[in-house]
Amino acid sequence: MVVFLHGRHSACYNPTAWTSSNTQWPCPAGQQPIASYQGYDGPADVLASNGYVVVSVSANGVNAADNPYSEDRGALARGEVVMRHLDLLADADRGVGDAKLVSLFKGRLDMADVGLMGHSRGGEGVVKAALMNAGRAKPYGIRAVLPLAPTDFARATLPGTPMAVILPYCDGDVSNQQGQHFYDDSRYAEDDDPAFRSSLMVMGADHNFFNTEWTPGVAHAPASDDWSNRNDPVCGGTASSRLTAAEQYAVGTAYIAGFFRLVQGGEQGLLPLFDGSGGTAASAGRAVVHAVAQAPAGKRFDVASFTSLAPSTRVTGSAAAAVCAGMLDRSPQSGLPSCASTLTTAQAPSWTPATYANNVASTPVLRFSWSDPTGTVTVPLDKRDQNVSRYDALTFRTARDETATGDVDLAVEIVDKHGASRTVKVSEVSDALTAFPGTASPLPKTWLRTVRVPLSSLTGVKPQQISEIRISGATQTGAVYLADVAFTTDAAGEARTDRLPQVSVEGATVDEGDGPGTATMTVRLSKKSPTPVTVQIQTMATGDAPVIGSAAQEVVIPAGSPQATFQVPVNGDTAVASAPQSYQVVASVPVNATIGNGFARLVVTDDDAV
């Protein structure tokens, strides 16, 4: 079974005035509901014709209330909508509950084999549903999650569940493509992660046209192209590189249906669409789709993640190399310099700040530059790891640094312990260092693409005795970002998210005090972990005179411990305030755990007498 969840669109429309609204549910007199849930019939029909039950649910009630009333812009509510539908369907399968549902589904559903697809805010909603499900005593078998052009306001990771994130290059709504964080944040969130994950950039696609009810000309209610600059030479409606609405819908159908057929249906022939090897689908037409992927932990050997620089890594010649993270100096607590030094937040999906994790460092990578081809980064392999013959390819992600000019290329040299080597230029096997199209913000994007070197192509080198990998400049000068160097064998993996503990942040109420002080708060695990758990905590300062600051910190819960405390600086004073002040405290990007209750409140009361 696969469940679809649409995103934040107007809930109602007036068929006479041809206007839409999103402030009241049920719809006011004279207006009708917009049937956003009916917009995914293309992939639903393909899946149904292959033996899947597909259920598309309406979230109009959440859409009409999420921004003014919810702590997290509706992510929890959308997750609850999905989980409530799963409960209703499970009841119907057992023959209880709603008579109509029982007549449709009694004895026909496999609740141990469920996939979730969510569009826009629905993407964050289905990730939240998967996490809520993992926290249940008797969870359903959610085996695959596909966020489509998703929001990711709070950076909740989803390790242990096969995932494909689809990003439209011409997205005019979620223009910073923040859903890339779902991929980046989950890569190393669990040491023994059994899941496969992929992220896909669909060139020429906007945000809306994956849903027919959001597409002008075919929608039954008002709809629009979310890319507003009609004359843009790359994404404008008449640009040759822009997909038509029908072409984009066909791409969505191919990749949405293909992902669930791969993971749930075991159709391994569909893996090249998602693993970065460059596979295409005839039904996707002329669309160009760039895919990056991370194989399950048991199917890869991580040579250098470049989330930090190992002491054994050598930088030689006319080169400079340093790990960077985030952008715009938003994450000083990380101690790392910013990446994307000249980009806007709409141009850097991996580093764009999240709404509720604004100061949390994102996606550490290696920034490598050279002034002549002698500049080299060398990563040695320990003797015990030198036999990589069981893997299919050497893979890594890279993108040209936005400050680089002209042609930029890398040479990758694989060396065995006898000194034999084989060198491959990135340009020979990948377009990863070719700039994305566009001339002005918010385009082009800097997005790390896959370089894949098949081991079968490394003639003259013994794969049982690989001693080091050297990455050098293949042009006279250049600068790039590097990440995720690994030997891999691609596979769809399996889902085991529910084995990890869930970490929650607990609210607190404290007195303001008369001067600088601290408030003590707690993060708690749902069960003890045999390994340390780390979680990022963001405090959100609001109001004209906040007594706390907006800042991020990393909290570690030691192995075997159920909880840890942390301190929030509080700036007390002797002035009389009119009421207590309430601030959000948000947990995100955990490692060796998943997010349970990620939102809490710190209430600071005024203790100065009138």
**Q** Does the ring center of W227 lie less than 6.0 Å from the ring center of F209?
**A**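 That pair fails the under 6.0 Å test.
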**Q** Start with the C-alpha gap between N14 and T19, add the side-chain angles, then the distance that decides, and say whether side chain to side chain donor-acceptor pair (under 3.5 Å) holds.
**A** CA-CA 5 Å; N14 185 318; T19 57; 4.9 Å; no
**Q** Do the numbers put R73 on top of the ring of F153, so that NZ or CZ is under 6.0 Å from the six-membered ring centre and no more than 45° off the axis?
**A**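 Judged by the rule (NZ or CZ under 6.0 Å from the ring centre, within 45° of its axis), R73 counts as positioned above F153.
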**Q** Would you mind reporting whether K128 and R78 have side-chain heavy atoms less than 4.5 Å apart?
**A**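 No - every pair of side-chain heavy atoms lies 4.5 Å or more apart.
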**Q** Does this structure show an ion pair linking R397 with D184, if we count only N-O contacts that are shorter than 4.0 Å?
**A** yes
**Q** Is any side-chain heavy atom of Y13 closer than 4.5 Å to a side-chain heavy atom of I34?
**A** yes
**Q** When the ring planes of H119 and H207 are compared, do they come out parallel, tilted or perpendicular, using 30° and 60° as the limits?
**A**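 Judged by the thresholds at 30° and 60°, the geometry between H119 and H207 is tilted.
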**Q** Does any donor atom in the side chain of R197 or Y183 lie under 3.5 Å from an acceptor atom in the other side chain?
**A**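 Result is no, nothing qualifies.
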**Q** Is the ring centre of F436 less than 6.0 Å from the ring centre of Y169?
**A**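 When the ring centroids of F436 and Y169 are compared, they turn out to be within the sub-6.0 Å range.
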**Q** What residues, two or more places apart in sequence or in another chain, satisfy salt bridge (charged side-chain N to carboxylate O under 4.0 Å, His left out) together with R300?
**A**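 Partners of R300 under the salt bridge (charged side-chain N to carboxylate O under 4.0 Å, His left out) test: D302.
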**Q** Keeping D171 on the side-chain end and L167 on the backbone end, is there a donor-acceptor pair under 3.5 Å?
**A** no
**Q** In the structure I gave you, are the side-chain heavy atoms of H181 and S362 within less than 4.5 Å of one another anywhere?
**A** yes
**Q** Do the side chains of V289 and M201 get nearer than 4.5 Å, heavy atoms only?
**A** no
**Q** Among F396, F306, W351, W447, exactly one meets ring pair (Phe, Tyr, Trp, His ring centres under 6.0 Å) together with Y481. Which residue is that?
**A**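 With Y481 as partner, F396, F306, W351, W447 yield a single ring pair (Phe, Tyr, Trp, His ring centres under 6.0 Å), made by W351.
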**Q** Where the side chain of N63 meets the backbone of G7, is there a donor-acceptor pair that is under 3.5 Å apart?
**A**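 Yes; judged by distance alone, with no hydrogens or angles, the pair exists.
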**Q** Is it the case that the side chains of Q31 and S21 hold a donor-acceptor pair, with the cut-off being a distance below 3.5 Å and no angle test?
**A**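 Note: S21 and Q31 side chains meet the donor-acceptor criterion.
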**Q** Answer whether the closest heavy-atom distance between the side chains of S198 and L200 falls below 4.5 Å.
**A**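 The answer is yes, as the side chains (C-beta and beyond) meet within the 4.5 Å cut-off.
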**Q** Answer whether the closest heavy-atom distance between the side chains of V451 and V426 falls below 4.5 Å.
**A** yes
**Q** Would you say the side-chain atoms of S305 and T307 include a donor-acceptor pair closer than 3.5 Å?
**A**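 S305 vs T307: donor-acceptor pair found between side chains.
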**Q** Strictly distance-based, threshold 3.5 Å: is any side-chain N or O of T363 a donor or acceptor partner for the main-chain N or O of S350?
**A** yes
**Q** Sequence neighbours left out, what pairs pass side chain to side chain donor-acceptor pair (under 3.5 Å) with at least one residue falling in residues 248-258?
**A** D206-Q248
**Q** Would you call the rings of F260 and F4 parallel, tilted or perpendicular, where under 30° means parallel and over 60° means perpendicular?
**A** tilted
**Q** Side-chain donor-acceptor pair under 3.5 Å between Y40 and N211, yes or no?
**A**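 Present: a donor and an acceptor within the cut-off.
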